[in-house]
Amino acid sequence: MSWSLVVTLPEEHGETLGALLFDLGALGVEVQDSELTLMPGTPALPEGAARCIAHFEERSAANEAATAVRELTLLGRLEVPPPLEVPAENWATAWRKFHRPVKVGPRSWIHPPWEIPDHVKGDALVCIDPGMAFGTGSHATTALCLERIDELLGKTPGADLLDIGTGSGILALLAVKLGAGARVVGTENDPLSITVAKENAERNGLAADRITWRLKSPDELEPPYDAPYGIVVANILLNTLTALAPQIAAKVAPGGRLVLSGLLSQQGGLAEQAYEQQGLRRAGRREREGWVRVELVRP
């Protein structure tokens, strides 16, 4: 038998706890949040919550990890139930069967390190390790952005791209693989995300300076990265998109495209209105699985 530790906590702390559980000796960690489609039979998550499931070979190790998590102050007071006894399984590799290569655009694939897709010459392949508990391209909002980046760079090859809230860096990585211009920039407010994005760039064989990663808001970018871009992408929540509308809209060059996601289908109009007030014009929508991608253009 093996042992599982299951902790429910605020969604914004899910990735942090997932990484910590690995440090505490977990053989494998799954982070379930609003971006993950849950397997049939999995209990629904409370709104705004994430669930971390950590697997341990020994009961003593699971108990020690549970005690350490209970004593955490960084993430607030967490309720940590006793570890659960589960049938023995190689948790270090068993979860891999749920992560397979996915074609996300006309020329684009996202794949895990252990499986390269059957692709054709000219396709762009981005390798992302799902075990890192960051964006992997499987969620509808990320997939919608990946798809549109492929389409836009097919029409305007060599366009510069700004990825706001880059997370794992997956959007910026695909842009480079598809031939984006010299300026490809990913911004974040989370230092851990920047670290993971850099690791993913290295995993994909990119030079350290091919993508510029910045722990800054869009209006804090320094020259030459402060100038407007042909493509700007932001896959973040509505409240952040509206709060940052002046900053984000200012980064869209004349004739440039702004791609917004992270939006429930009913939120698309609110996002469009916020950016129309900044001088942009609606240019299209696409919905998938209850989520929407909206696109605007600067005349």
(message) Please determine whether a side-chain nitrogen of the Lys or Arg among Glu272 and Arg285 lies less than 4.0 Å from a carboxylate oxygen of the Asp or Glu.
(response) yes
(request) I would like to know whether Leu45 and Gln32 meet side chain to side chain contact (heavy atoms under 4.5 Å, CB included); could you show each step before the answer? (result) CA-CA 8 Å; Leu45 283 166; Gln32 300 175 348; 4.2 Å; yes
(message) Quick test of your reading of the model: are Glu147 and Arg286 salt-bridged, counting only N-O distances below 4.0 Å?
(response) yes
(request) Inspect the surroundings of CD1 in Ile116 and state if more than 12 heavy atoms from other residues, nucleotides or ligands are less than 6.0 Å away. (result) no
(request) Check whether any side-chain heavy atom of Leu260 lies under 4.5 Å from a side-chain heavy atom of Tyr275, and answer yes or no. (result) yes
(message) Looking at Glu79, I want to see if its CD is surrounded by more than 12 non-hydrogen atoms of other residues, nucleotides or ligands under 6.0 Å.
(response) no
(request) Tell me, please, whether Tyr225 has Arg183 positioned over its six-membered ring: NZ or CZ under 6.0 Å from the ring centre and within 45 degrees of its axis? (result) no
(request) Give a yes or no answer on whether the side chain of Ser193 reaches the backbone of Asn189 with a donor-acceptor pair at less than 3.5 Å. (result) no
(request) Any chance you could lay out the side chain to side chain contact (heavy atoms under 4.5 Å, CB included) test for Leu161 and Val232, step after step, and finish with the verdict? (result) CA-CA 6 Å; Leu161 181 138; Val232 179; over 6 Å; no
(request) Find out whether Leu258 and Lys251 are in side-chain contact, i.e. whether some heavy atom of one side chain is under 4.5 Å from a heavy atom of the other. (result) no
(request) Determine yes or no for a side-chain-to-main-chain donor-acceptor pair under 3.5 angstrom, with Arg298 supplying the side chain and Ala249 the backbone. (result) yes
(message) Any heavy-atom pair between the side chains of Leu5 and Leu21 that's under 4.5 Å?
(response) yes
(request) Provide the closest heavy-atom pair for Ala124 versus Leu178 in the form atom of the first, atom of the second, distance. (result) CB-CD2, 3.6 Å
(message) Looking only at side-chain N and O atoms, does Asp150 offer a donor or acceptor that is under 3.5 Å from a partner on Ser108?
(response) yes
(request) Check the hydrophobic clustering (I, L, V, M, F, W, Y; side-chain heavy atoms under 4.5 Å; chains of links allowed) and say if Leu20 and Val80 are grouped together. (result) yes
(request) Check for a donor-acceptor pair, side chain of Asn200 on one end and backbone N or O of Ser168 on the other, with a separation under 3.5 Å. (result) yes
(request) Group every Ile, Leu, Val, Met, Phe, Trp and Tyr by side-chain heavy-atom contacts under 4.5 Å, then state whether Ile164 and Leu237 land in the same group. (result) no
(request) Using a cut-off of 6.0 Å, state whether more than 12 heavy atoms not belonging to Glu202 lie near its atom CD. (result) no
(request) Without swapping roles, check the side chain of Glu71 against the backbone of Ala68 for a donor-acceptor pair under 3.5 Å. (result) no
(request) Without swapping roles, check the side chain of Thr240 against the backbone of Ile236 for a donor-acceptor pair under 3.5 Å. (result) no
(message) Between Val259 and Leu244, is there shared hydrophobic-cluster membership here, with clusters defined by ILVMFWY side-chain heavy atoms closer than 4.5 Å?
(response) no
(request) Can you establish whether the number of heavy atoms outside Lys198 located under 6.0 Å from its atom NZ is more than 12? (result) no
(request) Evaluate whether atom CG of Asp118 has more than 12 neighbouring non-hydrogen atoms of other residues, nucleotides or ligands under 6.0 angstrom away. (result) no
(request) Calculate, to the nearest 0.5 Å, the distance between atoms CG and CD belonging to Leu221 and Gln247 respectively. (result) 9.5 Å
(message) Are the side chains of Ile53 and His55 in contact, using a 4.5 Å heavy-atom criterion?
(response) yes
(request) Find the distance between CD1 (Ile110) and CG (Leu146) and round it off to the nearest 0.5 Å. (result) 5.0 Å
(request) Decide side chain to side chain contact (heavy atoms under 4.5 Å, CB included) for Asp219 and Ser217; before the verdict, give the C-alpha distance in whole Å, the side-chain angles of both, and the deciding distance to 0.1 Å. (result) CA-CA 6 Å; Asp219 63 342; Ser217 60; 2.6 Å; yes
(message) With rounding to the nearest 0.5 angstrom, report the OG1 to CG distance, Thr67 to Leu72.
(response) 11.0 Å
(message) Could you measure the distance from the OG1 atom of Thr8 to the CG atom of Leu78? Nearest 0.5 Å is fine.
(response) 10.0 Å
(request) Compare every heavy atom of Gly186 with every heavy atom of Ile211, then report the nearest pair and how far apart it is. (result) CG2-N, 4.4 Å
(message) Between Ser4 and Pro83, is there a side-chain heavy-atom distance shorter than 4.5 Å?
(response) no
(message) Measuring from atom CZ of Arg214 to atom CG of Leu162, what distance do you get when rounded to the nearest 0.5 angstrom?
(response) 12.0 Å
(request) Please confirm whether the backbone N or O of Gly167 pairs with a side-chain atom of Glu188, one donor and one acceptor, at under 3.5 Å? (result) yes
(request) Kindly say whether Pro117 contributes a backbone atom to a donor-acceptor pair with the side chain of His119 at under 3.5 angstrom? (result) yes
(message) Test of understanding: clusters of I, L, V, M, F, W, Y form through side-chain heavy atoms closer than 4.5 Å, transitively. Do Leu171 and Leu296 belong to the same one?
(response) no
(message) Please give me the minimum heavy-atom distance between Ala245 and Ala274, naming the atom from each residue.
(response) CB-O, 4.1 Å
(request) Using the side chain to side chain contact (heavy atoms under 4.5 Å, CB included) rule, take Leu264 and Trp291 through it: C-alpha gap first, then chi angles, then the decisive distance, then the call. (result) CA-CA 4 Å; Leu264 294 169; Trp291 301 88; 3.7 Å; yes
(request) Identify the two heavy atoms, one from Phe56 and one from Ser2, that lie closest to each other, and give their separation to 0.1 Å. (result) O-CB, 3.4 Å
(message) Does any part of the side chain of Val185, heavy atoms only, come nearer than 4.5 Å to the side chain of Thr187, both counted from C-beta?
(response) yes
(message) With heavy-atom distances below 4.5 Å as the criterion, would you say the side chains of Ile170 and Leu174 are in contact?
(response) no
(request) Could you tell me whether Glu30 and Arg51 make a salt bridge, using a distance below 4.0 angstrom between a side-chain N and a carboxylate O? (result) no
(message) Taking Leu125's backbone N and O only, do any of them form a donor-acceptor pair with Lys177's side chain (distance below 3.5 Å, no angle check)?
(response) yes
(request) State the CG-CD distance between Leu144 and Glu295, to the nearest 0.5 angstrom. (result) 11.5 Å
(request) Indicate whether any N or O donor in one side chain lies under 3.5 Å from an N or O acceptor in the other, for Asp163 and Thr166. (result) yes
(request) Indicate yes or no: does Glu222 engage Lys216 in a salt bridge with an N to O separation below 4.0 Å. (result) yes
(message) Any salt bridge linking Arg107 with Asp123? Criterion: basic side-chain nitrogen under 4.0 Å from a carboxylate oxygen.
(response) no
(message) Applying a strict under-4.5 Å side-chain criterion to I, L, V, M, F, W and Y, I'd like to know whether Ile231 and Val252 cluster together.
(response) no
(message) Salt bridge check, Glu276 against Arg281: does any charged N sit closer than 4.0 Å to a carboxylate O?
(response) no
(message) Any side-chain to backbone donor/acceptor pair from Asn204 onto Cys127? Under 3.5 Å, distance only.
(response) yes
(request) Count the heavy atoms of every other residue, nucleotide or ligand shown that sit under 6.0 Å from CD of Glu57, and state whether that count exceeds 12. (result) no
(message) With a 3.5 Å distance limit and no angle check, can you tell me whether Ser265 reaches the backbone of Gly290 through a side-chain donor-acceptor pair?
(response) yes
(message) Please give me the minimum heavy-atom distance between Gly279 and Pro299, naming the atom from each residue.
(response) O-CD, 3.5 Å
(request) For residues Thr212 and Val184, determine if any side-chain heavy atom of one lies less than 4.5 Å from a side-chain heavy atom of the other. (result) no
(message) Show the nearest heavy-atom pair for residues Cys52 and Gly14, with the distance to one decimal.
(response) SG-O, 3.4 Å
